[in-house]
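Working notes, beginning with the structure itself.
For reference, positions follow the sequence shown, starting with 1.
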Amino acid sequence: HARLLCDIAPRVDLSVGVRQRSVTHGAADWSAGLEAGYRFAKDLWLAAGYNVLGFADADFPDRERTARGGFAALRVKFDERSLGIAPLHE
């Protein structure tokens, strides 16, 4: 998965993403699309997007965001500080 993210306002971001899933005999499935996100609370984002290319697989954990067409998602940002784990280096 590769994603290019751009903050366009303090609470709004836009991104373009591409995902690849390898399948049998060297073949691959691809997903590609655009996403917009709005931060409505600290480290909590509501996102909506549209994939122009997509694949669907019931066993794939992120299938709602890889299928062709529109999607909505809730993104949560966390790191060692938000988890209460001291960073290794200051």
Point to revise | More than 12 heavy atoms of other groups within 6.0 Å of R68 CZ | key: no
Review point. Distance from L53 atom CG to T66 atom OG1, nearest 0.5 Å?
Key: 11.5 Å
Exercise for review: Using salt bridge (Lys or Arg N to Asp or Glu O under 4.0 Å) as the criterion, list what pairs up with D7, not counting sequence neighbours.
Suggested key: none
Exercise for review: Check for a donor-acceptor pair, side chain of R3 on one end and backbone N or O of V18 on the other, with a separation under 3.5 Å.
Suggested key: no
Review point. How about E35 and R75: do any of their side-chain heavy atoms sit closer than 4.5 Å?
Key: yes
Check your understanding: Of the non-hydrogen atoms in R11 and A41, which two are nearest, and what is the gap between them?
Key -> NH1-N, 4.3 Å
Check your understanding: Which residues satisfy the side chain to side chain contact (heavy atoms under 4.5 Å, CB included) test with L34, sequence neighbours excluded?
Key -> V16
Listing, residues 44-51 side-chain donor-acceptor contacts under 3.5 Å, not counting sequence neighbours, or none:
from : atom 1 : to  : atom 2 : distance (Å)
N51  : ND2    : R65 : O      : 2.8
N51  : ND2    : A67 : O      : 3.0

Check your understanding: If you round to the nearest 0.5 Å, how far is NE2 of H1 from OG of S31?
Key -> 8.0 Å
Point to revise | Heavy-atom side-chain proximity of R19 to W30 below 4.5 angstrom | key: no
Review point. Do V76 and L5 share a hydrophobic cluster, counting only Ile, Leu, Val, Met, Phe, Trp and Tyr and linking them when any side-chain heavy atoms are less than 4.5 Å apart?
Key: no
